[in-house]
Amino acid sequence: QVQLVESGGGLVQAGESLRLSCAASGKISSITTMGWYRQAPGQQRDVVAAISRSNSTNYLDSVKGRFTISRDNAKNTVYLQMNSLKPEDTAVYYCNARVVRGFGYLEVWGQGTLVTVSS
């Protein structure tokens, strides 16, 4: 019922930048937290950055100072600006949103976008 569409992934060299975008569409009442997760081959899916509706943010320690998460509530869109990319940032990046339903919420995931950083 709610879909998240991601864009912005690609292949870059170490030190370069990428900006990921994720737009939510469909029957949306309210979205609480939005975030970005990543998963490298053979690894678990980890949260990279999260942002509340009031724009408070949290970051994975290894990306602090390099990545910036932001959101546009009017557009139901979340962004991840990634600067000074490192090879260890290589992963599939997934957008996540918590959509309010009744007295709880539903977890909605994007399809993932691949970020590859060459050394």
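Everything quoted here is computed from the prediction, not taken from an experiment.
Within the structure, no pair that satisfies the ring-ring contact (aromatic ring centres under 6.0 Å, His included) test touches residues 55-74, not counting sequence neighbours. For residues 109-118, the set of pairs meeting the side chain to side chain donor-acceptor pair (under 3.5 Å) definition, not counting sequence neighbours, is empty. Residues in residues 80-92 take part in these salt bridge (charged side-chain N to carboxylate O under 4.0 Å, His left out) pairs, two or more places apart or across chains: Arg38-Asp89, Arg66-Asp89. Applying the salt bridge (charged side-chain N to carboxylate O under 4.0 Å, His left out) test to every pair with at least one member in residues 43-57, sequence neighbours left out, gives no pairs at all. The salt bridge (charged side-chain N to carboxylate O under 4.0 Å, His left out) contacts involving residues 11-20 comprise nothing, where partners must be two or more places apart or lie in separate chains. Every pair passing salt bridge (charged side-chain N to carboxylate O under 4.0 Å, His left out) that includes a residue from residues 97-119 is listed here, sequence neighbours excluded: Arg98-Glu107.
Through direct or relayed side-chain contacts under 4.5 Å between Ile, Leu, Val, Met, Phe, Trp and Tyr, Leu106 connects to no other residue.
Between Val115 and Thr90, every side-chain heavy-atom pair lies at or beyond the 4.5 Å cut-off. Residues Asn96 and Val108 are not in side-chain contact: their nearest non-hydrogen atoms beyond the backbone lie 4.5 Å or more apart.
Closest of all the heavy-atom pairs between Leu4 and Cys22 is CB-SG, 3.7 Å. In this structure, Thr57 and Ile69 approach most closely via the heavy-atom pair CG2-CG2, 3.7 Å. Considering every non-hydrogen atom in both Ser70 and Ile51, the closest pair reads CA-CD1, 3.8 Å. Heavy-atom minimum distance, Leu20 versus Tyr93: CD1-CB, 3.7 Å.
In this structure, OH in Tyr94 is found 5.5 Å from CD in Gln39, a value given to the nearest 0.5 Å. Note that CE of Met34 is 4.5 Å distant from SG of Cys95, once rounded to the nearest 0.5 Å. Rounding to the nearest 0.5 Å gives a distance of 4.0 Å between CG of Asn76 and CD1 of Ile28.
In this view, Ser119 satisfies the side chain to side chain donor-acceptor pair (under 3.5 Å) rule with no residue, not counting sequence neighbours. Applying the side chain to side chain donor-acceptor pair (under 3.5 Å) test to Asn73 and every residue at least two apart in sequence or in another chain returns Arg71. Considering only residues two or more places apart in sequence or on other chains, Gln13 meets the side chain to side chain donor-acceptor pair (under 3.5 Å) condition with none of them. With sequence neighbours left out, Asp61 forms a side chain to side chain donor-acceptor pair (under 3.5 Å) with Lys64.
The hydrophobic clustering, which links ILVMFWY residues whose side-chain heavy atoms are closer than 4.5 Å, places Trp36 and Tyr105 apart. Residues Leu60 and Leu85 fall within the same hydrophobic cluster, defined by Ile, Leu, Val, Met, Phe, Trp and Tyr side chains chained together at heavy-atom separations under 4.5 Å.
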Taking distance alone, no hydrogens or angles, what donor-acceptor pairs closer than 3.5 Å link side-chain atoms of residues 77-84 to residues at least two apart or in another chain?
| from | atom 1 | to | atom 2 | distance (Å) |
| --- | --- | --- | --- | --- |
| Thr77 | OG1 | Lys75 | O | 2.9 |
| Gln81 | NE2 | Asn83 | OD1 | 2.9 |
| Asn83 | OD1 | Ser17 | OG | 2.9 |

